[in-house]
**Q** 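Take this structure, written in structure tokens, and hold onto it; I'll ask about it next.
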Amino acid sequence: MRETTPQPVFLADYQPPPFLVDTVALTFRLHPGRTQVLSEIRFRPNPAATPGHDLRLDGEGLRLLSASIDGKSLMAQPDATGLTIPAADLPEDGFLWQAEVEIAPEGNTALEGLYMSGGMYCTQCEAEGFRKITYYPDRPDVMARFRVRIESDLPVLLSNGNPVDSGPGWAEWDDPHPKPAYLFALVGGDLVATTDSFTTMDGRNVTLNIWVRHGDEGKTAYAMDALKRSMAWDEQVYGRAYDLDIFNIVAVDDFNMGAMENKGLNIFNSRYVLATPETATDADFASIERIIAHEYFHNWTGNRITCRDWFQLSLKEGLTVFRDQQFMGDMRSHAVKRIEDVLTLRARQFREDAGPLAHPVRPESYVEINNFYTATVYEKGAELIRMLRLLVGEDRYRAALDLYFIRHDGQACTIEDWISVFEEAGGRDLSQFKRWYGQAGTPRIDVTEDWQDGRYTLTLRQHTAPTPGQPLKEPLLIPVALGLMGTDGREILPTQVLELDSPTLRVTFDDLPERPVASVLRGFSAPVILHHKLQSDERALLLAHDTDPFNRFEAGRSLARENLHAMVLQQTTAPDQNFIDALRVLLRDDTLDPAFRALVLRLPEQDDLAASLHEAGHTPDPDMIYDMRRAAQTAIARALEPDLARIAQQMETPGPYDPAARDAGRRALRVQAVTILAHADGGTAAAALFQSAYNMTEQMGAWAALLAIGAGEQEGAEFYRHWAQDRLVLDKWFMAQILHASPDHAVPLTDELSRHARFDWKNPNRFRAVIGALGANPAGFHRSNGTGYQLVADWLLRLDGVNPQAAARNSAVFETWRRLDTNRQSLIRAELQRIAGNPGLSRDMAEMVARMLG
Ligand code: PHE
Ligand code: ZN
């Protein structure tokens, strides 16, 4: 709870730690209400800092039982955030700190520090949770060796590193790799493991365990498979091998985020571990594969090389996201993966960058660091690395990474360190590129063309609109991949990368046989908003013939968006015939990857349309967008009914279920076909698919298609009867109904489901499945009477009292409020002010609403 106004922390204020830690020995006596934590910490003065500092240790919510320095007990007086030992009481060349504290994991609903979930003990320390376990310099640039002893009657007791020894009621672990406290982890519970092994390229035999609650042991096979493939991939592609004898993964039901890369002991939200064909969709399988890989990859990018301070968060997160994207592309399809990544980037990061929560990939200040685990730090951070690789080339990228690992292994680093290895290995100055890390906002590129006497001129202009605290923007170095297509569909100019490094860049091409069709920003070579006016037949040409799969997709998407914009603005009820014709050609092209066809067939989401209408200078009307998107779907369904029905048949996968890309793509296209078809056939095909489905992808897809046309009630009841005992599937049951509810039904339904006996709102997954789902149903959430806003604000306030981090994260549903009409704006402003005025508000939530209110 907030007592004084929390002060922001500034990047510019960074000071090296006055004391370093060599070793930490911890003993835990686990007890739900009174866990004792004994610590022995060897400190020495940091030669890089000025001498004579007091010792400041972070600590929150701890009951200090005793403390001593070099065996001499002291009367430390803790304050609300830690304690200070005056320099005068500290031996000059190092000392042993010993303390005994008591904590209560059972009452820890914030899920930060040591807490309990489903009867087991677990920890979450990133970013600043270790200070809720014991007194410590809780900052990432203090790296130490940890040794841990756990005392408890529970059968499974785990911590970081390698097991030392264990006996009845105790276990000891030793982690030989120095690490910051945020990577500390402990687990205690009655768990079962799926065990396997992996032999590293340097011959180390590693035991792999995935620990779950009894009853879930049949759901770990895919996660284990993904882990082994991740380990092999990191060796092959980055030359990085695992460095302990054991790798443990634990699944917990109550977890604020996706997963956590604690050294040798990754802790996962159970939704990113547990899967069977019957209970998990293809999208779930893909998320598991990606997140298992992501956390594993952190072992090098994050753990062995960590961040100097939390402003550098993207150093590990942007890089690790980029690595998991590369891995997924290698495992599945690069073309499809790139399209999906760009869709997510736009839906989450562009949205963030266009509103009051916009911030640079490396922020300059924060009040609560938990509020900066964002799409900008993660996804835009990954885009910056993709651009760096494009700018220096693949070979030099690999050389830069080798240099990074050699030079910085065991260190806590900065973005400057990162840029330096690229400058050295890439042989070029990157000071302008570095602006990407400090400048918020999505650049816009305007493309104009000129064709005269056989000379084709392309002009690119960049502009970045102001963002909070950054009124003026400097020109960025933007790699723009370009190709030229002939009107017969042949490529005239293969991809080349232009470097747009000033406000304007002009390029000319002589001796072209005809005016070409430019394919700009191939592969989405930079995270920008591209404005390039083309005729619809030119878009259709790119959709049919571009050699770049991303721009093929993008041409279809632009056509769809333009059609929907026209429908919304002119209130016509059908898209152009040439758009429908283009979709038909695509649908019938059986040489195309089904996954690709499924993506092109999916119309831009309501939120995408709202954002793009706003970007084009209009005030988006959520109801109109909802209506027109449906009208477009209906028109497409009627025009393409026979083709869609044929696809739905043709894309049947015989089984047994295979989660790999090939079958997943077929299912995606099948579900997409049935979803559109429902707007013409009243849901007949969807209802049939629901009944015949042998996997969750098709069952869920079919039910969602029915819900979207206002049907599916019987199927919902059947679904509940069948799955009520499976907590992860139950999340889907809650979520789907709200996500697909009609605009006037969404709020009352959310209200009703929030009274459901199984709405366990303290569980972050369940909260997101219900309250979060309403935010993801734009026409429902943005009811013009404000009932959606009110309901969400009430729940955010309630959640803030028990789990500030989760509440603050969910509050971002309001981030787009300034693009709405004045009525909705004032309704949301009132709710944000109501939240802000709440006396017991957490620091997390206070910062979020203050930023949103601007
Ligand atoms: N570091 C985790 C990841 O990206 C995310 C995380 C942050 C988890 C904070 C928990 C708390 O892999
Ligand atoms: Zn991460």
Side-chain angles (χ1 to χ4, degrees), residues 108 110-115 117 122-133 138-140 160 179-187 223 226-227 230 234 247 249-273 287-307 309-328 344 348-349 361 363 366 368-382 385 412 764-765 768 803-810 844:
N108 182 351
L111 313 183
E112 201 184 40
L114 177 66
Y115 66 95
S117 172
C122 62
T123 55
Q124 173 51 47
C125 292
E126 187 177 6
E128 299 180 331
F130 192 73
R131 62 189 62 186
K132 296 181 160 187
I133 292 175
D138 189 6
R139 45 186 290 170
N160 314 90
K179 65 168 176 289
Y182 83 85
L183 291 172
F184 168 81
L186 173 153
V187 166
L227 175 60
S230 306
D234 212 16
F247 189 74
I249 288 176
V250 180
V252 303
D253 286 342
D254 300 279
F255 200 76
N256 278 337
M257 308 278 276
M260 181 62 212
E261 69 263 24
N262 317 300
K263 184 79 187 189
L265 178 52
N266 288 2
I267 298 182
F268 272 63
N269 187 323
S270 56
R271 67 189 290 233
Y272 295 123
V273 173
S287 297
I288 290 169
E289 187 176 28
R290 176 176 63 80
I291 296 176
I292 291 270
H294 179 99
E295 306 311 330
Y296 175 72
F297 296 160
H298 267 314
N299 190 56
W300 274 93
T301 53
N303 299 5
R304 289 188 66 139
I305 304 180
T306 193
C307 303
D309 55 70
W310 292 117
F311 296 101
Q312 322 294 329
L313 183 57
S314 195
L315 181 73
K316 73 176 176 82
E317 294 305 346
L319 176 54
T320 305
V321 170
F322 180 65
R323 276 151 53 69
D324 82 50
Q325 291 176 349
Q326 287 181 300
F327 168 78
M328 291 296 277
T344 327
R348 299 184 49 228
Q349 200 279 323
V361 170
Y366 60 78
E368 171 51 62
I369 186 57
N370 282 329
N371 289 335
F372 287 83
Y373 285 76
T374 59
T376 297
V377 167
Y378 277 66
E379 272 80 30
K380 188 175 179 181
I385 291 160
N765 292 356
R768 210 173 310 122
N803 186 339
Q805 192 185 334
R809 191 151 263 275
N810 279 287
D844 310 56

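Remember, it's 1-based here, ligands and their atoms both numbered in the order they're listed. Note: hydrogens, waters and symmetry copies are ignored here, and every other heavy atom, side chains too, is used. Quick note: residue numbers are just sequence positions, from 1.
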**Q** Please write down residue, atom name and distance for the protein heavy atom closest to atom 6 (C) of ligand 1.
**A**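 Protein heavy atom at minimum distance: M257 CE, 3.7 Å.
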**Q** With heavy atoms under 4.0 Å as the rule, classify the contact between K316 and ligand 1 as side chain, backbone, both or neither.
**A**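 Just the side chain.
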**Q** Do any N/O/S atoms of E295 come under 2.8 Å of the Zn ion (ligand 2)?
**A**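 E295 does not place any N, O or S atom closer than 2.8 Å to the Zn ion (ligand 2).
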**Q** Do we see a donor-acceptor contact under 3.5 Å between the side chains of S270 and D253?
**A**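 The criterion, which ignores hydrogens and geometry beyond distance, is satisfied for D253 and S270.
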**Q** Pick whichever of Y378, Y373, Y182 has a heavy atom sitting closest to atom 3 (C) of ligand 1.
**A**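 Nearest option to atom 3 (C) of ligand 1, by heavy atoms: Y378.
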**Q** Just which atoms of ligand 1 are under 4.0 Å from any heavy atom in E295?
**A**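 So the answer, numbered in order with elements, is 3 (C), 12 (O).
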**Q** May I ask you to identify the nearest protein heavy atom to atom 9 (C) of ligand 1, giving residue, atom name and distance to one decimal place in Å?
**A**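 Of every protein heavy atom, E126 O, 3.6 Å lies nearest to atom 9 (C) of ligand 1.
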**Q** F247 and Y296: aromatic ring centres closer than 6.0 Å?
**A**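 For F247 and Y296, the ring centres are under 6.0 Å apart.
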**Q** Angle at the Zn ion (ligand 2) between NE2 of H294 and OE1 of E317, to 10°?
**A**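 Value, to the nearest 10 degrees: 110°.
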**Q** Can you label the angle between the F311 ring and the Y366 ring as parallel, tilted or perpendicular, going by 30° and 60°?
**A**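 Tilted, since the angle between the ring planes falls between 30° and 60°.
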**Q** With distance as the sole test, does N303 use its side chain to make a donor-acceptor pair with the main-chain N or O of E261 at under 3.5 Å?
**A**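 Judged by distance alone, yes, a pair lies under 3.5 Å.
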**Q** Under the 3.5 angstrom rule, does the side chain of R809 hit a backbone N or O of M257 as a donor-acceptor pair?
**A**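 Between the backbone of M257 and the side chain of R809 there is no qualifying donor-acceptor contact (under 3.5 Å).
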**Q** When you look for heavy atoms under 4.0 Å from ligand 1, do you find them on the side chain of A259, its backbone, both, or neither?
**A**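 The answer is the backbone.
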**Q** Picking from T320, N266, N262, D324, what satisfies side chain to side chain donor-acceptor pair (under 3.5 Å) with H298?
**A**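 For H298, the side chain to side chain donor-acceptor pair (under 3.5 Å) check succeeds only for T320.
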**Q** Are any of the N/O atoms on E317, whether in the backbone or the side chain, positioned under 3.5 angstrom from an N/O atom of ligand 1?
**A**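 Yes, since at least one N or O of E317 sits under 3.5 Å from an N or O of ligand 1.
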**Q** For residues Y373 and E126, is any side-chain donor paired with an opposing acceptor at under 3.5 Å?
**A**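 Result is yes, a qualifying pair exists.
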**Q** Using a 4.0 Å cutoff against the non-hydrogen atoms of H298, which atoms of ligand 1 qualify?
**A**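 This gives 3 (C), 4 (O), 12 (O) as the contact atoms.
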**Q** So, the side chain of N160 versus the backbone of F184: is there a donor-acceptor pair under 3.5 Å, distance only?
**A**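 Checking the backbone N and O of F184 against the side chain of N160, no donor-acceptor pair under 3.5 Å is found.
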**Q** What atoms of ligand 1 come closer than 4.0 angstrom to any heavy atom of E261?
**A**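 Near E261, the atoms of ligand 1 are 1 (N), 2 (C), 3 (C), 12 (O).
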**Q** Which atom, among the N/O/S set of H298, is closest to the Zn ion (ligand 2)?
**A**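 Output for this pair reads NE2.
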